[in-house]
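Heads up: the structure comes next, in structure tokens.
Basis for what follows: all heavy atoms, side chains included, without hydrogens, waters or symmetry-related copies. Order of the sequence lines fixes the chain letters, A, B, ..., with proteins taken first and strands second; residue numbering starts at 1 for each chain.
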2 protein chains.
Amino acid sequence: MPGQFRGQVRRRRILEAALEIFTERGVADATIAAICERAGASIGSVYHHFGNKEGIAAALYEQGLEEHFDRMLSGLEGAGRTGARESVAVLVGTFMDWCLENPEWARFILLMRSGLMHGPEGERFASVNRERLDILRGYLMRFVQGGELRALPEELYLPLLHGPAQLYIRAWMAGRVPAPTPAHRAALIDAAWRAVGVEDRERGGSASPRR
Amino acid sequence: MPGQFRGQVRRRRILEAALEIFTERGVADATIAAICERAGASIGSVYHHFGNKEGIAAALYEQGLEEHFDRMLSGLEGAGRTGARESVAVLVGTFMDWCLENPEWARFILLMRSGLMHGPEGERFASVNRERLDILRGYLMRFVQGGELRALPEELYLPLLHGPAQLYIRAWMAGRVPAPTPAHRAALIDAAWRAVGVEDRERGGSASPRR
DNA sequence: CCTAATCTAGAATAATATTCTAGTTTTGGA
DNA sequence: TCCAAAACTAGAATATTATTCTAGATTAGG
């Protein structure tokens, strides 16, 4: 496979440039010309690597999600032995940390992905995502069996865990609230645990909801 | 102010058509020509009313948020006398109900708004939203004073309350989970209450009922 | 050192948003 | 009733921008 190195570098430059331009102007107002200029690449190069404008966005989206998911998963594997509370903390905390470390990337994924699910890649994205979420759910269900997590409709766990953190991050990115501090992080983890966790005193032998 | 009736009808037709086209193809791939055709309007008419494509999206966004907010607020005013638990139920329940009743509109607002905050209207939107959220927070803070809601950093309440429901609705719109049932609705309200509410037994002395 | 694949370039093209000019309809007041 | 101004509609002309196409440069392996 010839001509690889030059290409991969160029590819990365284009992605970086595109993320900057997207952040500055929004996806809709980002022109291919601007991306070419910033990346020092030609039109042909961009189209060779990504096919079209949506292709650039799709690559950014895909790569970001993958990185984030991998971190979440390896965190979970470590926490799996520690217990349910720790797993919840990993799920919420990893998400927030990743967004804090990659704010532009996170902004793009959370605020701008927009039309990606309509494009031709949409179906593939959806199924990849489904798989990943199934894996996460799988981890959680073990704790439900063990009575450490409350029994709820399966599809509710991820919204309950990630919803508040995701909304807070979005609000931060929109400039409505200050950047999350460790105190916020702890409070959001605590809230997630209240939503799905079973307190020690509540479990006598068998799992069951309270009140 | 002359020429009003004809114009307002036309305006509404264009908005309806645009919402349909946006839903079908996504905002990015929606062409003005398609909207004109569906609405039975001319290009000139569309630009007279909305200025540009983003103007159409902005109008849809603004009108939808206003309608939704008004419902939430009037619900809150009713519940204010009943208590904190009821207010939480109104905040979460009204959001879900509105989305169920206006799925296309909600899909547009939640999934597609994308670049609106970059446009020239962006700053105005942001400040209008800030005002509204401040009003909601104001309602909640009264309950914090009264000891019915836990004391938390102020900016956390709305993410805690709306986050899970919003994520669930998004997942539904993306086809990942089934439409919310009354059971889901109740569970999400319950989770919101767990996150921010103070249980009776936890409160020392001071008065107030719950549930 | 040759060949095929990869990659780069930028002009040519096509699609689409937006502007502009020329009307038509409605309204409120003289 | 009739007039002028404002609101509105229409669609051709223009401008912007994405995308395609052709030609050529570069690289890796045989």
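Rounded to an integer number of Å, the gap from A:E37 CD to D:dA18 P is 13 Å. Between the CD atom of A:Q8 and the C1' atom of C:dT8 there is a distance of 15 Å, rounded to whole Å.
Under the 3.5 Å distance criterion, the side-chain polar atoms of B:K53 are left unmatched by any main-chain donor or acceptor of B:T31. Side-chain atoms of B:W105 come within 3.5 Å of backbone atoms of B:L60 as a donor-acceptor pair (strictly under, hydrogens ignored). Checking side-chain atoms of B:H184 against main-chain N and O of B:T181 turns up a donor-acceptor pair under 3.5 Å.
OP1 and OP2 of D:dA10 both lie 4.0 Å or more from every side-chain N or O belonging to B:H48. A:R10 has a side-chain polar atom (N or O) that falls below the 4.0 Å cut-off from OP1 or OP2 of C:dA9. Proximity of B:S45 to the phosphate of D:dT9: a side-chain N or O atom is located under 4.0 Å from OP1 or OP2. Dashed line: the shortest gap from a side-chain N or O of B:H49 to OP1 or OP2 of D:dT9 is under 4.0 Å.
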Identify each atom pair where a protein N or O and an N or O of nucleotides 22-24 of chain D are less than 3.5 Å apart, giving names and distance.
none

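Between B:N52 and B:Y47, the shortest heavy-atom distance links the atoms CA-CE2, 3.7 Å. Listed here is the closest heavy atom pair of B:M141 and B:Y157: SD-CE1, 4.0 Å. Looking at every heavy atom in both residues, B:P103 comes nearest to B:W172 through CB-CH2, 4.3 Å. Contact detail for B:A195 and B:R150: the closest heavy-atom pair is O-NH2, 2.9 Å.
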Legend entry - Under 4.0 Å protein heavy-atom contacts per nucleotide of nucleotides 13-22 of chain C, with B for base, S for backbone only and - for none: ----SBB---
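A 6.0 Å sphere centred on CZ of B:R12 holds no more than 12 heavy atoms belonging to other residues, nucleotides or ligands.
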